[in-house]
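Labels below follow one simple rule: chain letters A, B, ... track the order of the sequence lines, proteins then strands, and each chain is numbered from 1.
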Amino acid sequence: MSPIPVLPLVINGCMSALGSLATLKLIPAFKDHFISARLYGMDLNKTNKKEVPESQGVISGTVFLIIMFCFIPVPFLSCFVEEQCTGFPHNEFVQLIGALLAICCMIFLGFADDVLNLRWRHKLLLPTIASLPLLMVYFTNFGNTVIVVPKPFRLLLGMHLDLGILYYVYMGMLAVFCTNAINILAGINGIESGQALFISGSIIIFNLLELGGDYRDDHIFSLYFMLPFFFTTLALFYHNWYPSSVFVGDTFCYFAGMTFAVVGILGHFSKTMLLFFIPQVVNFVYSLPQLFHVVPCPRHRLPRLNPDTGKLGMSWSKFKRRDLSKLGKLILEVAEMLRVLEVKRGQEGDDEFVECNNMTLINLVLKILGPTHERDLTTIMLLIQVLGSVLAFGIRYHLVRLFYDV
Amino acid sequence: MWEYPENMSPIPVLPLVINGCMSALGSLATLKLIPAFKDHFISARLYGMDLNKTNKKEVPESQGVISGTVFLIIMFCFIPVPFLSCFVEEQCTGFPHNEFVQLIGALLAICCMIFLGFADDVLNLRWRHKLLLPTIASLPLLMVYFTNFGNTVIVVPKPFRLLLGMHLDLGILYYVYMGMLAVFCTNAINILAGINGIESGQALFISGSIIIFNLLELGGDYRDDHIFSLYFMLPFFFTTLALFYHNWYPSSVFVGDTFCYFAGMTFAVVGILGHFSKTMLLFFIPQVVNFVYSLPQLFHVVPCPRHRLPRLNPDTGKLGMSWSKFKRRDLSKLGKLILEVAEMLRVLEVKRGQEGDDEFVECNNMTLINLVLKILGPTHERDLTTIMLLIQVSTTGLISESNCISHRRRIQV
C-alpha cells in the first residue's frame, strides 16, 4: 500500500487556508464592481431595500481555481525532485486536470447563467456540458462501467452488472442533480453556502476515515479538492451568514454541485456522497409536484417575513380549484393526509380557491415548528444537514452490510 | 527531393476530418446562437453604442462568450477522438498519456481564460487585472509543460552564438516567457481595435495563417505538434468565422474583451505546446507594430484618452484620425522627446496652439489604425477594416514565403 502523501496534503491545507483569507478579503473588495454591473438582489425577507451583491460564488470559485492551479504539480513533486516514482503517474495527472476542467467550465457557465438569466432548460443543459470532460477522462482512464449489484437484487441481476452507456448517463445526471438540488434548497440567509460547507465537511471526514482503507488514493484525490472547497466556502459563508451582506448566486450552486459530483465520480464513492445529500433529496422529492407544475409553482418559494413579529412563516401557492389537474388534486389530498402539507380552501366570487404551502423542506420545517426567526431557521436547517450526515455515516458503515459485502 | 524519416507516424486523417466536420457544425451553431441570445445580453446591460455610427442602437457586447462556449463544446466532444484507435483497434503501443494531458491542460487554460475574460467584461475590472487574468489562466499550461516536457533549453540564434553558445538553458525564464506570451497575445489583439470587424477579423486571419503553416509543416519532423495545433485552430477558425459574419461592418454585435482573451490564449496555447511560438509571433507583426507604436500612451508618457478609435465625420461619413489633447506643461521631457522624434519620422501628426494662458498640444492617438488614416486620409469604416485585414494577410504572406524558401533551401542542402 502506498504511503499517505503527507507533504502534499499539508501544502494543500496551507494553500486552502490562505485561499480562505483571500476570499474573505476579496468579497468586500469587489462589492462595487458587482453593484455597478447590476449583479445585486434585494433581500426579500428584510424590510430594508439595500442592494446585496449577487453571484459571489464567482469569487470563491476563482480563488479555488487559483489554489488548484498552483497545486497541480505538488502531488507529483516526488517524481521530479527525488526520482522516487516508478514511471510518472500520468493517469492520476489526467484525472486532476480533467476534474479541474469540469469545475472551471461549470463556474464559467454558472456565472454566465447568473449574468444572462438563462432559462430553466439551460439549468439542465449547462451541467451536462460541463461534465463532458469528466466523462471523457473517465472513459479514457478507467472505462469501467461494471457495478456490484446490491444484495436484494442479486437473484435477479447477478453479482455484477455492466451498465455500459447508462453509467455515463448516471455520471452526467449526477452533476445535474447535485447542482440543482443545492440550488432549490435556498431562500434564507446562509443556507446555500452553509449546506455546501457541511456536505464538504462530511466528505472530508469520510475521506479521512477511509485513508486507512483499500482505496486510499481515491480519498486522497478527493481531499485535494474538498479542502480548498471547504475553506473558500467558509469565507463565503462568513459573508453570507445572517444577515447576508452578499448572496452566493447560482454560480455557487453550480460550482458546489459540480465539485461534489467530480470527487464522487473520480473517487468512486458517489453512492456514499449521495447519502450526504439526504436533506437535498428529501427537498427535491417534496418539490417534485411543483417542479413539474402539477401543483402550481410561483416564482419564489422562500418563506415569508411577518414584518410585525420579525419571524418567517410558510409561503403559499394560491390557485383556482378548477385549474388543478386530477393528479394535482390527488397529490394535495395524499400530502394533507400524511400531514406534510397544509391546505386551505376558500371561495372568492365565482371561483373556488385553494392554497397550499410551497412544497419545500424549509416550509415543512416551519409547518412543524411554527413561525421562526430567520437566523434560527437557518441554524435548524444546518443541524438537519449534520443529522443527515450522521445518518449517512450510520448507513454507510452499518446498514451497508444489508446491501454489500464489506 | 522530399525525404521522410522512416519512423514517422501517419497523418491521423480521420480525427482531422471529424474535427473539421465538428468545427463546421460549430460554425453554424454560433451563427444561429448569436442572434438568439441578443435579448439576454441587452437585458443584462451587456451592450455598447457604436461610437462611429450616428444611430444610438444598443449593440450586444461580449459575443466572444458565445463563440468561445461553442468552441469548448466542440473540443469537449472531440477529446476522445484522437485516441479512438487505441480503444477500437488496439493499434497504439501504450496509451499516449502525455498527449492526452496536453489536450486537457490546453483546454483548461482556454476555458479559464474565457471565464475570466467574461468576468472582466461583466465586472469592468481594472487595467492591472488585464495583466493578471491571462497569467492566472496560463498557470495550468505552465504546469502541464513542466510535468510533460520540462524542457527549458533553447537553440541560440546564429548572431548570438559566439556570446552564448549553441544552446542556452533559460530555466525559470522560459516559464516567464510562456506566461508573458499569453498576456501579450490577449492584450495585443485587444488594443488593435475600434472599427467594426477588426478584432474578430484579425484573429480569423491569424488563425488561418497558423492553419496554413501547420498544414505545410505536416510533412516535416514535428508533425505531431502541428496536428495538435490544428485540433485547436480548426474549431477556433470556424467559430470565429461565424462571429466575424455578425461583427463585420455594420456590426450587429461586438465581440468584447472576452473574445480578445479567448483568441490570445488559444494562440499562446498552440504556440507553446506546438513549440512554434516564435513563428506564431511573426504572424502577430501588425499587432506588435501597433503595440510598440502604442507604448508611449500605454505608459502614459503621452496622455492616453479613454478611447483611441478613429472618429467619424458625420458630414462625409468617413473616419478620420482621433486626437489626444493636453497642455504643453503637463508633458514630461521624455514625452516631448517622443513627440519630436515621431513627428520627424513622419509617423505622428502634432498640432500646437494656444488657448488663453495655456499652450496646447494635440497629437493623433498612437495606434496603427490612426497611422493608416494618416497615410491614406479619411476613409470609410468598411474600407479601413478591409485595409487593416489586408495588412494582416500580407505580413502572413511574407512569412510564409520566406518560410517556404528556407524550407526548400534546407532540403536541397
Let me know if B:A119 has heavy atoms under 4.5 Å from chain A in its side chain, its backbone, both or neither.
->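 Contact with chain A is through both the backbone and side chain of B:A119.
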Choice from A:L39, A:V94, A:V58, A:L116 maximising heavy atom contacts with chain B below 4.5 Å =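 Going by pairs under 4.5 Å, I would pick A:L116.
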Could you have a look at A:L100, A:L101, A:L118 and say which one has the most heavy-atom pairs with chain B under 4.5 angstrom?
->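 Sorted descending by pairs with chain B, the first entry is A:L101.
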Best-contacting candidate, B:L116, B:L103, B:N98, B:L142, against chain A by heavy atom pairs under 4.5 angstrom =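 Going by pairs under 4.5 Å, I would pick B:N98.
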Among B:A137, B:S62, B:A109, B:C112, which has the most heavy-atom pairs under 4.5 Å with chain A?
->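 It is B:C112.
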Checking heavy atoms, do the side chain of A:T140, its backbone, both or neither come under 4.5 Å from chain B?
->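 The answer is both parts of A:T140.
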Contact part of A:I72 toward chain B, heavy-atom cut-off under 4.5 Å: side chain, backbone, both or neither?
->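 A:I72 touches chain B through side-chain heavy atoms alone.
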Calculate, to the nearest 0.5 Å, the distance between atoms [atom1] and [atom2] belonging to [X] and [Y] respectively.
| X | Y | atom1 | atom2 | answer |
| --- | --- | --- | --- | --- |
| B:M113 | B:C185 | CE | SG | 12.0 Å |
| A:F69 | B:L141 | CZ | CG | 10.5 Å |
| B:R126 | B:L132 | CZ | CG | 13.0 Å |
| B:M143 | A:C70 | CE | SG | 5.5 Å |
| A:Q56 | A:H239 | CD | NE2 | 9.0 Å |

Step by step, work out the ring-ring contact (aromatic ring centres under 6.0 Å, His included) result for A:Y138 and A:Y167.
-> CA-CA 11 Å; A:Y138 190 91; A:Y167 198 85; 5.6 Å; yes
Aromatic ring centroids of A:Y40 and A:F34 under 6.0 Å?
->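 No, they do not, as the ring centres are separated by 6.0 Å or more.
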Near-ring test B:F262/B:F236, centroid separation under 6.0 angstrom =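 Between B:F236 and B:F262, the centre distance is under 6.0 Å.
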For the pair A:S222 (side chain) and A:D218 (backbone), establish whether a donor and an acceptor sit closer than 3.5 Å, ignoring hydrogens and angles.
->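 No; zero donor-acceptor contacts below 3.5 Å.
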Donor-acceptor pair, B:N247 side chain versus B:V253 backbone, under 3.5 Å?
->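 Here the side-chain-to-backbone pair exists.
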Are A:V146 and A:L163 close enough, and set up right, to give a side chain to side chain contact (heavy atoms under 4.5 Å, CB included), and what steps lead you there?
-> CA-CA 6 Å; A:V146 175; A:L163 291 178; over 6 Å; no
side-chain hydrogen bond (donor to acceptor under 3.5 Å, both in side chains) partner of B:K130, the single match among B:T186, B:D257, B:N187 =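 Looking at B:T186, B:D257, B:N187, the match for B:K130 under the side-chain hydrogen bond (donor to acceptor under 3.5 Å, both in side chains) is B:D257.
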Any residues in residues 8-33 of chain A near chain B, with a heavy-atom distance under 4.5 Å, and which are they?
->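 Answer by number: A:F30, A:H33.
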Within residues 66-73 of chain B, which positions have a heavy-atom distance to chain A below 4.5 Å?
->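 Result: B:T69, B:L72, B:I73.
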Before giving the answer on side chain to side chain contact (heavy atoms under 4.5 Å, CB included), spell out for A:D217 and A:F221 the whole-Å C-alpha distance, their side-chain angles and the decisive distance to 0.1 Å.
-> CA-CA 6 Å; A:D217 290 340; A:F221 175 84; over 6 Å; no
